[in-house]
Amino acid sequence: MYAISLGDDGAELRPLEPWHAEEFFAHLERGREFINQYVPFGSKAVDVDSARETLQRYADMRAADTGSLHGLWLEGKLVGGVLFLNFDAENANCEVGCWLEPAGTGRGLVTRAMRVLIDFAIEGRGIHRVEWIAAAGNTPSLNVARRLGMTREGVRRESYPYRGVRHDLEVWSILAPDWREARARAAHKDH
C-alpha cells in the first residue's frame, strides 16, 4: 500500500478502496451524525456490505475516470477523506469534496490533503477548473475553500433540500493559473 505523508503528525493520504470496507464502516459509525450534518455521504453504508458497495461505487468511478475517494489516516486510523466528483478530463473540470469524523477536525487535514489532490488534478491530469460546493452553513468546509485560495463565485439559493431544510449552496473554484501562481508565491515565501 502506498501513502502520502501530510506532515509530521502521522497524517497520511491513501487510496480508499473496497477492501477497506470494515474500517470505513467503523469510521462512519464513529462520525455519522457529524459527517451527515450537511451531506448524506456514507448514509447508505449501514453495515460492512453496504459500506463495501459505497466504496465499490467510487472504485467504479475511478475506473471510469469520473471520480475517486482518498482516505485520511491519522496515526493509523481512518478519520475522513477527500474526493473527486464530476471529474471531466476532456473538458478539464472537476469538483472536489471532503468529509471528516470529529477526531480528524481542527488539524488542517483536509486543507493539506486537498493541496495534494488539486496539485495532482492540475499538474498531473491537466484540469483547468477545480470546483468546491458546500452548504452555506457549513463554515468549516467554506473555510477550507478560502484557505485553498478559491474564489466564491456565487450562491445557489435554497437549491439543496436536505433533512427537511432547503440549504443555500456556495460555489467556489480555483483555476489552474491561479493555483500555480499561489503555489509559486507560497514556495517563494518558504525560501
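In terms of hydrophobic clustering, with Ile, Leu, Val, Met, Phe, Trp and Tyr side chains grouped at heavy-atom distances under 4.5 Å, W172 and V144 are assigned to a common cluster. Tracing side-chain contacts under 4.5 Å through hydrophobic residues (I, L, V, M, F, W, Y), one reaches I4 starting from L148; they form part of the same cluster. Criterion: ILVMFWY side-chain heavy atoms under 4.5 Å apart, direct or through other members. Under it, L175 and I127 are not part of a common hydrophobic cluster. At a threshold of 4.5 Å between side-chain heavy atoms, the hydrophobic network of Ile, Leu, Val, Met, Phe, Trp and Tyr places I133 and M114 in two separate groups. In this structure, V39 is not a member of the same hydrophobic cluster as M150, with clusters built from ILVMFWY side-chain heavy atoms closer than 4.5 Å.
Contact record, I174 with G149: CD1-O, 3.6 Å, taken as the closest heavy-atom pair. Taking all atoms of both residues into account, the shortest heavy-atom contact from A134 to L142 is CB-CD2, 3.8 Å. Across all non-hydrogen atoms, the minimal contact from C98 to L83 is N-CD2, 3.7 Å. Here the shortest heavy-atom pairing between P177 and H128 reads CD-CE1, 3.7 Å. Across R125 and A89, no two heavy atoms sit closer than the pair NH2-CB, 3.6 Å. Taking each heavy atom of G76 and E23 in turn, the nearest pair found is O-OE2, 4.0 Å.
Counting only distance, with no hydrogens or angles, the side chain of N86 and the backbone of C94 share no donor-acceptor pair below 3.5 Å. In this structure, N91 contributes its side chain and N93 its backbone to no donor-acceptor pair below 3.5 Å. Counting only distance, with no hydrogens or angles, the side chain of W132 and the backbone of S141 share a donor-acceptor pair below 3.5 Å.
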Inset, instruction - Take L55 and E17, measure what side chain to side chain contact (heavy atoms under 4.5 Å, CB included) needs, and give me the verdict at the end. - result: CA-CA 6 Å; L55 295 175; E17 300 175 326; over 6 Å; no
Inset, instruction - Would you check, one step at a time, whether the test side chain to side chain contact (heavy atoms under 4.5 Å, CB included) holds for E12 with L6? - result: CA-CA 5 Å; E12 293 181 328; L6 296 175; 5.8 Å; no
Inset, instruction - Decide yes or no on side chain to side chain contact (heavy atoms under 4.5 Å, CB included) for L13 and Y2, but give the supporting numbers first. - result: CA-CA 9 Å; L13 179 67; Y2 62 91; over 6 Å; no
Inset, instruction - Evaluate salt bridge (Lys or Arg N to Asp or Glu O under 4.0 Å) for E170 paired with R146, printing each intermediate quantity in order. - result: CA-CA 12 Å; E170 293 196 13; R146 285 183 188 93; 5.1 Å; no
Inset, instruction - List the steps and the verdict of salt bridge (Lys or Arg N to Asp or Glu O under 4.0 Å) for R57 and D60. - result: CA-CA 5 Å; R57 189 166 42 87; D60 294 345; over 6 Å; no
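The distance from the CZ atom of R129 to the CD atom of E95 is 10.0 Å, given to the nearest 0.5 Å. Going from atom CH2 of W73 over to atom CG of L109 covers 12.5 Å, rounded to the nearest 0.5 Å. Here the CZ atom belonging to R185 is positioned 4.5 Å from the CD atom belonging to E181, to the nearest 0.5 angstrom. Atom-to-atom distance recorded for I35:CD1 and H27:NE2 is 4.0 Å, nearest 0.5 angstrom. To the nearest 0.5 Å, the span separating OH on Y38 from OG1 on T139 amounts to 6.5 Å. For the atom pair F25 CZ and D49 CG, the distance stands at 10.0 Å (nearest 0.5 Å).
Counting heavy atoms from C-beta outward, P18 and F24 have side chains that stay 4.5 Å or more apart. Taking the side chain as every heavy atom from C-beta outward, H70 and F120 never approach each other to under 4.5 Å. L72 places none of its side-chain heavy atoms less than 4.5 Å from the side chain of R112. The shortest distance between side-chain heavy atoms of R115 and W179 falls below 4.5 Å. Between N138 and Q37 there is no side-chain heavy-atom pair separated by less than 4.5 Å. By the 4.5 Å heavy-atom criterion applied to side chains, E123 and R180 are counted as neighbours.
Taking the six-membered ring where the residue is Trp, Y160 and H167 present tilted rings, their angle falling between 30° and 60°.
Here the rule is side-chain contact (heavy atoms from CB on, under 4.5 Å) with W99, and of L69, N36, V79 only L69 fits it. A side-chain contact (heavy atoms from CB on, under 4.5 Å) with V82 is found for exactly one of L16, V116, L100, L117, namely L117. Just one residue in the list V96, I118, V130, T66 forms a side-chain contact (heavy atoms from CB on, under 4.5 Å) with F84, and that residue is V96.
Qualifying side chain to side chain donor-acceptor pair (under 3.5 Å) partners for R183, counting only residues two or more places apart in sequence or in other chains: D119. For F34, the ring pair (Phe, Tyr, Trp, His ring centres under 6.0 Å) criterion is met by no residue, not counting sequence neighbours.
Sorted by first and then second residue, the salt bridge (charged side-chain N to carboxylate O under 4.0 Å, His left out) pairs involving residues 98-107 (not counting sequence neighbours) are R30-E101.
Surrounding CD of E22 are at most 12 heavy atoms belonging to other residues, nucleotides or ligands under 6.0 Å away.
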